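We name chains A, B, ... by the order of the sequence lines, and we start the count at 1 in each one. Because the structure is predicted, anything quoted here is derived from the model rather than measured.
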Number of protein chains: 2
Amino acid sequence: MTNDHSIAASTGFLLSKIGQTTTNLFAEKLAPLGLRPKHCGLLAAVAGLPSASQQDLGSAMSLVPSAIVSIIDDLETARAIRRTQDVVDRRRHSIELTEKGRSLLKRVSKLAHEVDDQVLASLSAAERAALHSILVRVALDAGILQGDQQG
Amino acid sequence: MTNDHSIAASTGFLLSKIGQTTTNLFAEKLAPLGLRPKHCGLLAAVAGLPSASQQDLGSAMSLVPSAIVSIIDDLETARAIRRTQDVVDRRRHSIELTEKGRSLLKRVSKLAHEVDDQVLASLSAAERAALHSILVRVALDAGILQGDQQG
DNA sequence: TATTGTTATACTCTATAACTATA
DNA sequence: TATAGTTATAGAGTATAACAATA
């Protein structure tokens with residue numbers, strides 16, 4: 001039926017499908033907190049780029065400025081981050097985690113690792129480690145992670 | 001900054017991000033053909049499940065019936081698939097690839113493998129093979145692939 | 001003039017619910 | 001009464017363009 005040249009045999013197809021499944025699983029776990037995966041992506045980006053501007057975060061996450069605004073609005077309403085107007089360039093807003101944001105980040109990180117345990121349940125510890133280190137390489141190469149974020 | 005307990009250090013986070021990037025890249029390559037990734041997912045599902053009903057395809061792709069209808073409408077308009085009313089149960093429609101659909105599937109499969117080459121450019125052949133076989137395991141476990149589709 | 005962030009808007013994706021035709 | 005497919009509709013996600021404040 002399928003073979004080496006089919007779509008289903010491409011690694012990218014598997015990455016797309018598994019990535020979507022993983023996102024959905026994470027979204028379910030996040031729902032009781034009133035958060036969505038995009039909010040966690042931003043929290044992670046803020047943690048990795050302290051005092052970044054909204055545009056800095058936008059390029060780190062490959063999102064357009066208008067998309068960043070709505071995510072930041074949500075997280076500011078939840079008191080997880082804080083906008084501070086830059087004193088030298090008053091057009092810019094520095095985004096920083098609040099204490100509440102830091103504790104929220106810990107909670108959602110725990111949920112993310114629970115998702116790992118579910119999605120990767122059938123892998124041995126060695127396979128999990130191999131998968132992770134290969135994915136870090138791919139992510140660094142694609143500019144998804146910065147050099148200090150491979151954890 | 002980040003550490004073993006951060007979101008960015010979770011394998012699921014990487015799978016989500018890389019999966020999204022891969023999908024976007026595939027979508028760009030597909031655009032000149034007037035297709036989107038979802039159409040290719042359906043073509044692949046039809047190839048893997050010949051003469052399936054729309055509901056069969058829906059469960060294979062984890063999509064609700066109404067979502068399947070619009071994808072099938074598009075592909076039928078493009079003459080890539082054919083709806084045939086089941087003779088024993090006239091509520092059901094068997095979906096089959098046309099000759100045009102088969103050749104389209106070949107073209108998009110080639111594009112999918114081009115995406116692989118881009119996304120996985122920094123990996124050795126051995127790493128690519130290791131990644132692929134681990135992802136097949138994860139996908140089978142998550143019910144994303146059927147047993148005969150690992151290519 | 002150019003840039004940062006914002007608003008308004010549009011398009012796609014996905015899901016739910018009501019509907020039809022068949023069983 | 002239940003099921004396969006369809007339609008209508010609504011919500012979330014993501015992009016573009018016009019705009020205000022500031023440089």
Side-chain angles (χ1 to χ4, degrees), chain A residues 16-17 19-28 30-31 33-42 45-46 49 51-77 81-96, chain B residues 16-17 19-28 30-31 33-42 45-46 49 51-77 81-96:
Chain A
S16 292
K17 288 286 195 176
Q20 190 59 58
T21 300
T22 304
T23 303
N24 292 344
L25 212 55
F26 190 43
E28 282 173 29
L30 236 32
L33 299 178
L35 294 176
R36 295 174 179 282
K38 63 179 180 178
H39 299 118
C40 299
L42 188 80
V46 172
L49 298 167
S51 297
S53 72
Q54 297 186 191
Q55 287 210 348
D56 293 338
L57 295 170
S59 29
M61 296 178 69
S62 302
L63 288 179
V64 295
S66 61
I68 293 291
V69 169
S70 96
I71 302 175
I72 287 185
D73 282 350
D74 293 345
L75 288 172
E76 196 174 44
T77 300
I81 61 171
R82 195 187 297 120
R83 278 177 168 104
T84 310
Q85 200 175 37
D86 190 300
V87 285
V88 277
D89 183 345
R90 290 188 304 170
R91 292 172 306 182
R92 299 176 72 109
H93 291 161
S94 290
I95 309 300
E96 285 171 57
Chain B
S16 292
K17 288 286 196 177
Q20 190 58 60
T21 300
T22 303
T23 304
N24 292 344
L25 211 55
F26 189 43
E28 283 173 27
L30 235 34
L33 300 178
L35 293 176
R36 296 174 178 282
K38 62 179 180 178
H39 299 119
C40 299
L42 189 80
V46 173
L49 298 166
S51 298
S53 71
Q54 298 186 191
Q55 287 208 351
D56 292 338
L57 296 170
S59 28
M61 297 178 67
S62 302
L63 288 179
V64 295
S66 61
I68 293 290
V69 168
S70 96
I71 302 175
I72 288 184
D73 283 349
D74 293 345
L75 289 171
E76 195 174 45
T77 301
I81 60 171
R82 195 187 299 118
R83 277 177 169 104
T84 310
Q85 201 175 37
D86 191 299
V87 286
V88 277
D89 183 344
R90 292 187 303 170
R91 292 172 304 181
R92 302 185 128 230
H93 291 163
S94 289
I95 308 299
E96 284 172 55

| task | Map A67(A) and V87(A) onto DNA chain D by nearest heavy atom, then report which one ends up closer to the 5' terminus. | result | A67(A)

| said: Using heavy-atom distances to pick each residue's nearest nucleotide on DNA chain D, tell me which of D86(A) and P65(A) is more 5'. | reply: P65(A)

| message | Among Q55(A), Q54(A), R82(A), which residue satisfies the side-chain contact (heavy atoms from CB on, under 4.5 Å) criterion with H93(A)? | response |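 Exactly one candidate clears the test, Q54(A).
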
Atom [atom1] of [X] and atom [atom2] of [N]: how far apart are they, to the nearest Å?
X	N	atom1	atom2	result
M61(A)	dA15(D)	CE	C1'	15 Å
Q85(A)	dT22(D)	CD	P	7 Å
N24(A)	dT14(C)	CG	P	9 Å
I95(B)	dT6(D)	CD1	C1'	13 Å
Q55(B)	dT3(D)	CD	C1'	7 Å
R83(B)	dG5(D)	CZ	C1'	8 Å
R92(B)	dT6(D)	CZ	P	13 Å
I68(A)	dT16(D)	CD1	P	14 Å

Closest listed nucleotide, where the reference is the side chain of [X] and the choices are [options]:
X	options	answer
R91(A)	dT3(C), dT6(C), dT6(D)	dT3(C)
V64(B)	dA23(C), dT16(C), dG13(D)	dT16(C)
K38(B)	dA15(D), dC13(C), dT6(C)	dC13(C)
S53(A)	dG5(C), dG5(D), dA23(C)	dG5(C)
S66(A)	dT22(C), dT7(C), dA12(D)	dT7(C)
V69(B)	dT6(C), dT6(D), dT12(C)	dT6(D)

| note | Contacts of Q20(A) and I72(A) projected onto DNA chain C by closest heavy atom; the upstream (5') one is I72(A)

| message | Would you say Q54(B) places a side-chain N or O within less than 4.0 Å of OP1 or OP2 belonging to dT6(D)? | response |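 For Q54(B), the contact criterion (side-chain N or O under 4.0 Å from OP1 or OP2 of dT6(D)) is met.
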
| request: Would you please confirm or rule out a distance under 4.0 Å between OP1 or OP2 of dC13(C) and any side-chain N or O of R36(B)? | output: yes

| said: Once rounded to the nearest 0.5 Å, what's the spacing between atom CG of L42(B) and atom CG of L57(B)? | reply: 5.5 Å

| message | Counting distance alone, no hydrogens or angles: does the base of dT22(C) have a donor or acceptor under 3.5 Å from a partner atom on the side chain of R90(B)? | response |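 For R90(B), whose side chain was compared with the base of dT22(C), there is no donor-acceptor pair (under 3.5 Å).
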
| Does the side-chain contact (heavy atoms from CB on, under 4.5 Å) test come out yes or no for Q20(B) and K17(B), once each step is laid out? | CA-CA 5 Å; Q20(B) 190 58 60; K17(B) 288 286 196 177; 5.8 Å; no

| query | If you take all heavy atoms of H39(B) and I71(B), which pair is closest and at what distance? | reply | CD2-CG2, 3.8 Å

| query | M61(A) and K38(A): which non-hydrogen atoms are nearest, and at how many Å? | reply |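 Looking at all heavy atoms of both residues, the closest pair is CE-O, 4.0 Å.
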
